[in-house]
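Note that the coordinates shown come from a computational prediction; the quantities given were computed from them, not determined experimentally. In what follows, chains carry the letters A, B, and so on, assigned in the order in which the sequence lines appear, proteins first and then strands, with residues in each chain numbered from 1.
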Number of protein chains: 2
Amino acid sequence: MANIKEVAHHAGVSVASVSRVMAGHAGVSEATRQRVLAAVKALDYRPDLAARRLRSRRTDTIGLIVSDIRNPFFTEVSRAVEDVAYQQQWRVILCNADENPDKEAAYLDLMRDENVSGVILSPTLARLARFRPADYPFPVVLIDRCERDTAADAVVLDNVDAAYRLAAHLIENGYRRIGCLYGAVSATGHQRQEGYAAAMAAYGLKPQAVAAQATIDQARTAARNLLQQEPRPDALLASSGLILLGTTEALREAQLRFPEDLALAGFDDLPWTRLVEPAITVIAQPTDDLGRAAIHLLQQRIAQPDQAVRRVVLRGELQVRGSSARRSPIRTGHLLTAM
Amino acid sequence: MANIKEVAHHAGVSVASVSRVMAGHAGVSEATRQRVLAAVKALDYRPDLAARRLRSRRTDTIGLIVSDIRNPFFTEVSRAVEDVAYQQQWRVILCNADENPDKEAAYLDLMRDENVSGVILSPTLARLARFRPADYPFPVVLIDRCERDTAADAVVLDNVDAAYRLAAHLIENGYRRIGCLYGAVSATGHQRQEGYAAAMAAYGLKPQAVAAQATIDQARTAARNLLQQEPRPDALLASSGLILLGTTEALREAQLRFPEDLALAGFDDLPWTRLVEPAITVIAQPTDDLGRAAIHLLQQRIAQPDQAVRRVVLRGELQVRGSSARRSPIRTGHLLTAM
DNA sequence: CAATAACAAGTAAACGATTACAATAATTAT
DNA sequence: ATAATTATTGTAATCGTTTACTTGTTATTG
């Protein structure tokens, strides 16, 4: 592979001129620009990124640390992030921390080693609790998870609001003993549980929330337990796509039909929620917007390290489907007038 | 951040010794090793990767180019690849080529710029047709797609065999007019169609295959068309998870029940295939093994550039479920005796 | 027309590691 | 005890860029 010296020699100019042309800098005449470009083409020259990064001290690389790319929510988000990044000639290093604080720490160290320009992070509960941007040698934008008092750039769903609306929808459709399965290991799960509890309280109902790991298997087990309760819940709210999946499996297993035996609703508008019969009522998350907003925030922070901290809060969209269909009119009517 | 010089000075040794200790090379006494380690700790030193890569001319980075990470098959594979890679201190650059040859070419150029140690590639049809490892400045391992005569390292499913078994299963369960929806843009789709056609031929049945883009929307449209045919197929075989999803949507839309109105079977054992009722018969792909095998092949190729070309062929596992349940005994008995 | 500004192009010093080679010290062999 | 060998350590060149600074030209201005 040709290097900058050979190109310079071939074009009859100095290496500085070649560098300037490659970087698109001003201060180079059209004539030399053309000669350089010709030489570049003739020699099939491409600047060496390692050398460039060493000298310029910038990598144009960002880290994306999520819990697990197999979680459809993160799959979508990462795709959005990568699309924007590559369009702007940035590289993305994707890492799966598996909600494991040690792994998360290891990946953050790796980001330091790579001298990344910035990181988009979906933090574990432990890290989020004491998160301060100043503790990191690079800009960080949080996604999906953020507490009310977190002083950091972040892009999140309004989880409390979304869960509130989802629970309120169930209540208004006549359900009373609504159980909630929420993710124990993330701030998001807690906030959704909070929104659910608030809705229950607003309608004078007793909440019954059960924490579960955000995996299909754990959710299935947790749902099984909830279904053993006496009296059995008449509706179930799942705080994420994976938990909804596990919960639905538990219902199938117990041969319970929705909405006849109990209603079902959850988060994340995944294709399969429209395939089961009846289709499942969900809160759709704007994953694409979320990913794009995150990388844009990051870019702005990189450009202006001292700008004020920003938080982008996105609204989830309630998709009403058959799984939460209105209950027998007798009870429903009663509630609606009581409101 | 401290650099190697400062560490050397702090430890009272030369930079060479520090470098040797960091690289874990032999030829350094235990005494100096300890002094260096102490200095490293004291100064919180981490070697600069850009400098190391520039000088050593190796990046310990691999590229992973797939069509779309949102395709669950690739989501799983990439997760497996990343797990193995990070364990060995390698970096992964993930790229989505969207079955677009131009994008694919752009990403391969990027791999060259990054001077990657190797690439794991799921090639477009166009590239695969004239694929020669020697055309690339880095080792390449193909995944998911590979022709019989491709002279390159590859890890693939035995697609023809898997599709044959899936089709044979339908036939043996009494179905006759079996339609096949296969991915038009990938070698995999074609091979699965081939296996399907072979099975149909073996049983003296007329194949009816329809090509579709491997997206949910396109598959739904294609399935609609197939369902319009007279006489209507009595079974449908979908050549990938996404196509199966779109096909299932089309069935729901047309209010057709499986297996009563027609049987259904496909590829990829995704969680939702067990959630619909009845559950769907599928070929499960060993995505984890596939990812691991790919990165291991790549490592061996990097270590021994001249070793013989290898192909790893994995077997899909048939998961029989309700969607392909045996048809009315009259016809079935007839066929089984005829075998 | 001289003085000054504006612009183009070149020179050479970084950036922070690795590594070939030389030099020295410590062992072992004779 | 000396030579030969081996194990450590240090010196300095090198990887391929970017960029501050210098020099040389050309255009502008009073």
Side-chain angles (χ1 to χ4, degrees), chain A residues 1-40 43-61 89 91 110 112-117 137-138, chain B residues 1-40 43-61 89 91 110 112-117 137-138:
Chain A
M1 264 275 291
N3 62 24
I4 200 172
K5 253 190 197 161
E6 303 175 56
V7 174
H9 182 253
H10 189 279
V13 300
S14 72
V15 293
S17 293
V18 177
S19 175
R20 282 189 272 255
V21 170
M22 294 308 289
H25 282 171
V28 49
S29 72
E30 188 54 26
T32 51
R33 216 180 77 85
Q34 291 305 333
R35 304 181 57 183
V36 168
L37 256 26
V40 164
L43 301 179
D44 192 24
Y45 168 70
R46 312 246 53 204
D48 184 283
L49 291 180
R52 181 197 294 243
R53 287 169 180 159
L54 170 58
R55 176 58 230 234
S56 70
R57 303 278 67 198
R58 42 206 305 274
T59 56
D60 290 348
T61 297
Q89 313 270 40
R91 307 289 178 268
L110 186 150
R112 206 244 281 207
D113 290 353
E114 289 284 350
N115 191 24
V116 294
S117 303
F138 35 70
Chain B
M1 264 278 291
N3 62 24
I4 199 172
K5 250 189 199 161
E6 304 175 55
V7 174
H9 183 253
H10 189 279
V13 300
S14 73
V15 293
S17 293
V18 178
S19 176
R20 283 189 271 255
V21 170
M22 294 309 287
H25 282 170
V28 50
S29 71
E30 188 55 26
T32 51
R33 217 181 76 86
Q34 290 306 333
R35 303 182 58 183
V36 167
L37 257 26
V40 164
L43 301 179
D44 192 25
Y45 168 70
R46 314 248 50 204
D48 185 284
L49 292 179
R52 180 197 295 244
R53 287 170 180 159
L54 169 58
R55 177 58 229 240
S56 70
R57 303 277 69 196
R58 43 206 304 273
T59 56
D60 290 349
T61 297
Q89 313 271 41
R91 307 286 179 269
L110 186 150
R112 207 243 285 203
D113 290 353
E114 289 283 349
N115 190 26
V116 294
S117 303
F138 36 70

Quiz item: Between A:Arg57 and B:Asp48, does at least one N-O distance fall below 4.0 Å, as a salt bridge requires?
Solution: yes
Quiz prompt | NZ/NE/NH1/NH2 to OD/OE distance under 4.0 Å, B:Asp113 and A:Arg91 | solution = no
Practice problem: Flag the pair A:Ser17 / A:Thr32 as yes when at least one side-chain heavy-atom distance between them is below 4.5 Å, and no otherwise. | Solution: no
Quiz item: For B:Glu6 and C:dC15, what is the distance between atoms CD and P respectively, to the nearest whole Å?
Solution: 11 Å
Quiz prompt | Most 5' of A:Arg33 and B:Ala50 on DNA chain C, judged by nearest nucleotide | solution = A:Arg33
Quiz item: Closest nucleotide of DNA chain D for B:Ala31 versus for B:Arg57: which of these residues is on the 5' side?
Solution: B:Ala31
Self-check item: Residues A:Asp60, A:Arg58: salt bridge by 4.0 Å N-O rule
Solution: yes
Practice problem: Inspect the contact between B:Glu114 and B:Arg53 and indicate whether a charged nitrogen and a carboxylate oxygen are less than 4.0 angstrom apart. | Solution: no
Quiz item: Can you tell me how far P of C:dG10 sits from NE2 of A:His9, to the nearest Å?
Solution: 13 Å
Self-check item: Gap between atoms CG and P, on B:Leu49 and C:dC15 respectively (whole Å)
Solution: 18 Å
Practice problem: Find the distance B:Arg35:CZ to D:dT9:C1' and express it as a whole number of Å. | Solution: 12 Å
Quiz prompt | Nearest-angstrom distance from the residue atom CG of B:Asn115 to P of D:dC15 | solution = 15 Å
Quiz item: In whole Å, what is the span from the CD atom of B:Glu30 to the C1' atom of D:dA7?
Solution: 14 Å
For nucleotides 18-22 of chain C, list the nitrogen or oxygen atoms of the protein found under 3.5 Å from its nitrogen or oxygen atoms, one pair per line.
from: C:dT18; atom 1: OP2; to: B:Ser19; atom 2: OG; distance (Å): 2.4
from: C:dT18; atom 1: O2; to: B:Arg55; atom 2: NH1; distance (Å): 2.7

Quiz item: A:Ala26 and A:Arg20: which non-hydrogen atoms are nearest, and at how many Å?
Solution: O-CD, 4.4 Å
Quiz item: Quick one: does A:Ser19's side chain have a donor or acceptor within less than 3.5 Å of a partner on A:Val15's backbone?
Solution: no
Practice problem: Could you tell me the separation between the CG atom of B:Leu54 and the P atom of D:dT14, rounded to a whole number of Å? | Solution: 14 Å
Quiz prompt | Residue-phosphate contact under 4.0 Å: B:Thr32 side-chain N/O, D:dT9 OP1/OP2 | solution = yes
Exercise. Send over the distance from B:Asp48 CG to D:dT17 C1', rounded to a whole Å.
Key: 14 Å
